[in-house]
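What follows is a single structure, written as C-alpha cells, with notes after it.
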Amino acid sequence: MDIFVLVKTVPEAEARMELLAQGSGLRVEEKWELNFFDAVAVEQAIRMKETMPGVTVTALSYGPRSALEGLRKAVAMGTDRAIHLEGPELPWAEPMEVAWILSQALRKEQHDLILCGRKATDDEAGQVGPMVAGFLGVPYLGPALSLELEKSQGAIQVVRDLGGARERVRCPLPAVVSAQKGLAEPRVPTIQGVMKGMRLQPEKMSPEAQKIPGSGWSLRGFLQPPGRPPVCLVEGQDAVSKARELLRLLREEAKVL
Amino acid sequence: MEKGGIWVWVEHWEGSERAVVHELLGKARELADCTGRQLTALVAGSKALEAAERIQGNPDLVLVLETEGHHQPEAPPFIHALEGLCRQWSPFLLMAPCTLRSLQWMPALAVALGRSMVSEVTGLELQEGEKLLVRKPMHGGRFLVELHSCASPPHLLAIRPRAFPRKKAQRTAQIEKIRVEECQGALEVLEFLQDSGSGPELAEAAVVVAGGRGMGGPESFKMLEELAGLMGGAVGASRSVVDSGWRPASQQVGKSGKTVSPDLYMGFGISGAIHHIMGMDSSKVVVAVNSDPNALIFQHADYGVVEDLHELLPALIQELRKGG
Ligand SMILES: Cc1cc2nc3c(=O)[nH]c(=O)nc-3n(C[C@H](O)[C@H](O)[C@H](O)COP(=O)(O)OP(=O)(O)OC[C@H]3O[C@@H](n4cnc5c(N)ncnc54)[C@H](O)[C@@H]3O)c2cc1C
Ligand SMILES: Nc1ncnc2c1ncn2[C@@H]1O[C@H](COP(=O)(O)O)[C@@H](O)[C@H]1O
C-alpha cells in the first residue's frame, strides 16, 4: 500500500516577520517547521506502516529550498521517501495552483491513500487537500479525527469533524484525507531519525509547466493590523472591587457589555 | 425572477441557520444594492424551508433546493445542483460561511467550475464596480493579505464568522423551490454524532471566556460556564487544558484550534503563548486575568487584572447576577 503525505514547510510561530516596502511582501526569519497538521498526518501514516506489512510512506512537498525543512522532519519521524517538487519562493500562492501541481505529481506515482493537513498555518486556506481530491477525481474526507483501514484494505472509515457534529463516513480507496488535531499525536523523532533527516537528499521533481486551470486572484499586497495600546491594569483593594471596576470599564469605556 | 447576481449559501442544521449567515446576508445586501444586482439565498436539505423563512428579510429571492430523499444541506445532490445552477445563471459572487462544513464542498466546486476561491475572508470591497478586493488573515492574523479578482465570475468566497456586522432588514423575499436530482456520492455516511453543548458556537460568539492551565482543573470550568451563560458567551480553552482532557477539543482556541474574533475575549489563567494569541488576537476587546503580573498575555490585552482567578471569577459572577 502506498501512502502519500502532503507536507508544507511554514514559518515557526516565533519567527520574526516584517512587511517589505509598500506591503509588497513579507520578510520572514529563517525559522521553519513542518506545518502542525501535516505532522499529525505524517504520524498517522507512520502508525499505519508500523501496524501493517507492505506500506510505503512518501512525503511530498512543493516549494522553495525551505521545503526541505519539512521534508527532513517527515523523514526524521519515519517516512520512507521524500519528494521535493521545486517551486518559487512566493509570499502568497494560490491554493488551486498548488493543488494542481501536487495532483499532477501524484498522477505519476502509485497511490492508495493521500494524507494532508486540515490547513497550513501560514496561508490558513484549508483548500489544498479537497482540491487535490477534486483534480484527481477521488473522494475527500476530513478533517479526520480518526482513520481506519478496512480489513480488505480497499476502503477506509473516517470520523470527520463538522464543527459541532461529527460523522463516521466510509469510502473506497484511493482517497484524500485531511488531518485534524487529535487524529494522532506527532512523535518526537529519535536521534537516528534526526540524523537521517539531516542527511536527506530528496528525490526531485519539476512541476508541470502547463498552466493551471482557472487561477482567479492576484496579490495586491500585505497589511499589518494595528497593534493594541498598552494594557490598562484594573485597580482595586480586593477581588470584589477589581471585579466591579472591570465591569464598569467594559460597560462605560469599552462598551462591550 | 433574475437569478444571477449575488448568492449566499445558507448553512443550517435541521432548519436552524448559523449566526454567520445573517452577517453574510447583510454584507451581500450592501453589495447587491450598490451594484444593482439581485441577492439570492440558497437553502438546501432537511427543514430548509424553516431556515428559508427566517432569513427572508435580506434577500430578494430564496431558492430552496429539495430532493426526494432526506439529506443534509451539504449532501452530493445539492452540491451537484449548485454546480449546475452556477453554470446556468452565472452568479457574480457566491459567498458561504467559512466553516469546516463549507470547506468540504466549496473547494470541490471551485475545481469543478475552474474558478479558484478565497477562504477565511475578513474584508470585501467592490472596486471599479466589477472588481473585488478581498482581505484575509495570514500567519495567525499577524498580517492580512489583499487579493484582487482577476478572472471572470463567479467569484467564490468563504467568509470568516464575525467579519461583518449582522444586519436586519424588512423585506419578505419570494421563496422558490427547485427540485434537484438525487445522486450518489462516493462517501457513505455510517453514523452522525451531534456534539452536546448549549449557547453560541465558539467562532460565532460575541463573548468568549477562555480558561487556561491556571484554572487548576476541570471543576473550575463550571464557573466559566456560568460566566459565559450570564454574558451570552461561549467557553474557550487553551491547548494545555484540552490536552489534559479538562475540556473538549472543540473549545481549543489558537493555532492548532479555532480562531475567534468576539467583541469581548476574557482569558483566565492563560499565559499568552504566541500559539494561543494567534487564535484570539483579532478580538475587539481583550481582558486578561492572571496572578502573574509578568504574564505575556498582558501584552496582548486591553484590560488586565492581576489577581487569583479563583477569587475574581466568583466576584464577577456575583456582580453580574446582581445585575450591577
Ligand atoms: C505547534 C504548536 C501549536 C500550538 N497550538 C496551540 C493552540 O492552538 N492553542 C493554545 O492555547 N496553545 C497552543 N500551543 C501551546 C502553547 O505554546 C502553550 O503551551 C499553551 O497555550 C499554554 O497554555 P496555558 O496558558 O493554559 O498554560 P500555562 O502556560 O501553564 O499558563 C498558565 C497561566 O496561569 C496563570 N495562573 C496560575 N494559577 C493562577 C491563578 N490561580 N489565578 C490566575 N492565574 C493563574 C499562570 O501565571 C500562567 O500564566 C501550541 C504549541 C505548539 C508547539
Ligand atoms: N506547497 C505544498 N506542498 C505540499 N503540501 C501542501 C502544500 N501546500 C499545502 N499543502 C497541503 O495542503 C494542506 C492544506 O493547505 P492550505 O490549503 O494551504 O491551508 C496542508 O496542510 C498540506 O498538507
Side-chain angles (χ1 to χ4, degrees), chain A residues 11 13-14 17 26 36 92 94-96 121-127 130-131 133-135 139-141 143 157 161-172 181-182 213-225 228 231-234 239-240 242-244 246-247 249-250 254 256, chain B residues 99-101 103-104 107-108 110-112 114-120 133 137-151 186-195 201 249 255-257 263-264 274-275 278 284-285 287 298 300-307 311-312 315-316 319:
Chain A
E14 292 84 358
M17 290 182 211
L26 296 176
F36 173 81
W92 173 81
E94 186 126 46
M96 196 159 176
T121 55
D122 55 353
D123 69 2
E124 302 182 55
Q127 298 176 31
M131 284 182 168
F135 284 126
Y140 165 75
L141 299 84
Q157 287 191 18
D161 186 355
L162 295 178
R166 284 157 296 137
E167 217 172 41
R168 178 179 292 278
V169 286
R170 172 182 190 276
C171 80
K181 179 175 180 273
S215 159
W217 300 88
S218 61
L219 177 66
R220 183 186 196 225
F222 294 86
L223 306 171
Q224 197 158 15
R228 258 172 233 286
V231 64
C232 158
L233 286 183
V234 176
V240 174
K242 285 180 191 169
R244 278 197 194 123
L246 176 64
L247 291 174
L249 288 165
L250 293 178
V256 285
Chain B
T99 59
L100 294 183
R101 274 179 202 264
L103 287 176
Q104 310 265 342
V111 167
R115 289 286 181 286
S116 62
M117 60 173 281
V118 187
S119 50
E120 305 287 356
L133 172 67
M138 276 184 72
H139 300 287
R142 283 164 83 180
F143 298 96
L144 298 171
V145 63
E146 285 192 318
L147 305 166
H148 262 311
S149 61
C150 58
L187 299 190
E188 192 186 333
V189 177
L190 304 174
E191 192 181 2
F192 181 82
L193 309 144
Q194 186 80 50
D195 290 352
E201 215 297 306
K255 176 172 161 171
S256 54
D263 292 334
L264 174 62
I274 180 76
H275 305 100
M278 286 166 92
K284 207 163 112 198
V285 174
V287 173
F298 289 125
H300 302 275
D302 300 285
Y303 299 101
V305 188
V306 181
E307 183 61 77
E311 302 281 328
L312 192 80
L316 278 173
E319 288 302 308

What are the two closest non-hydrogen atoms of B/V111 and A/M96, and how far apart are they? CA-CE, 3.8 Å
Once you round to the nearest 0.5 Å, how far does CD of B/Q104 lie from CD of A/E167? 8.0 Å
Between A/A254, A/G134, A/A13, which shows the greatest number of heavy-atom pairs under 4.5 Å with chain B? A/A13
Which residues pass the side chain to side chain donor-acceptor pair (under 3.5 Å) test with A/E14, sequence neighbours left out? none
Test salt bridge (charged side-chain N to carboxylate O under 4.0 Å, His left out) applied to B/E146 - qualifying residues, sequence neighbours left out: A/R220, B/R135
As a quick check of understanding, evaluate side chain to side chain contact (heavy atoms under 4.5 Å, CB included) for A/D123 and B/E120, giving each step before the final call. CA-CA 10 Å; A/D123 69 2; B/E120 305 287 356; over 6 Å; no
Per-residue tally against chain A (heavy atom, under 4.5 Å) across B/L133, B/L187, B/T99 peaks at B/L187
Residue selection (most heavy-atom pairs with chain A, distance under 4.5 Å) from B/E307, B/K255, B/H148, B/M278: B/H148
From CH2 (A/W217) to OG (B/S149), nearest 0.5 Å: 5.0 Å
Where on A/L246 is there a heavy atom nearer than 4.5 Å to chain B: the side chain, the backbone, both, or neither? side chain
Kindly give the heavy-atom pair with the smallest separation between A/P225 and B/G141, and that separation in Å. CG-O, 3.3 Å
Between chain A and each of B/P107, B/A108, B/S256, count heavy-atom pairs under 4.5 Å; write down the option with the most. B/S256
Among A/Q224, A/E124, A/R244, single out the residue with the greatest number of heavy-atom pairs under 4.5 Å to chain B. A/E124
Heavy-atom pairs under 4.5 Å with chain A - which of B/K284, B/E311, B/H300, B/H139 has more of them than the others? B/H139
Identify the heavy atoms of A/M131 and B/A110 that sit nearest to each other, and give their distance. CE-CB, 3.8 Å
Kindly indicate whether the side chain of B/L190, heavy atoms from C-beta on, has any atom under 4.5 Å from the side chain of A/V169. no
Taking all non-hydrogen atoms of both residues, which atom of A/K242 and which atom of B/V306 are closest, and how far apart? NZ-O, 2.9 Å
Heavy atoms only: give me the nearest A/G163-B/L100 pair and the separation to one decimal. N-CD1, 3.8 Å
Between A/R228 and chain B, with a heavy-atom cut-off of 4.5 Å, which part of the residue counts as in contact: side chain, backbone, both or neither? side chain
For A/P139 and B/A186, work out which heavy atoms get closest and say how close. CG-CB, 3.6 Å
Quick one: of B/R101, B/R142, B/E201, who has the most non-hydrogen atom pairs under 4.5 Å with chain A? B/R142
Working to the nearest 0.5 Å, report the span between CG of B/D263 and CG of A/L250. 11.5 Å
Engaged part of A/F36 at the chain B interface, taking heavy atoms whose separation is under 4.5 Å: side chain
Look up atom CD in A/E94 and atom CE in B/M117, then write down how far apart they are to the nearest 0.5 Å. 11.0 Å
Among the options A/T121, A/L223, A/V234, pick out the one with the most heavy-atom pairs lying under 4.5 Å from chain B. A/L223
Between the main-chain N or O of B/L103 and the side-chain N or O of A/Q127, is there a donor-acceptor pair closer than 3.5 Å? no
Non-hydrogen atoms of chain A under 4.5 Å away: do they reach the side chain of B/V118, the backbone, both or neither? both
Main-chain N/O of B/E191 paired to A/R166 side chain as donor or acceptor, under 3.5 Å: no
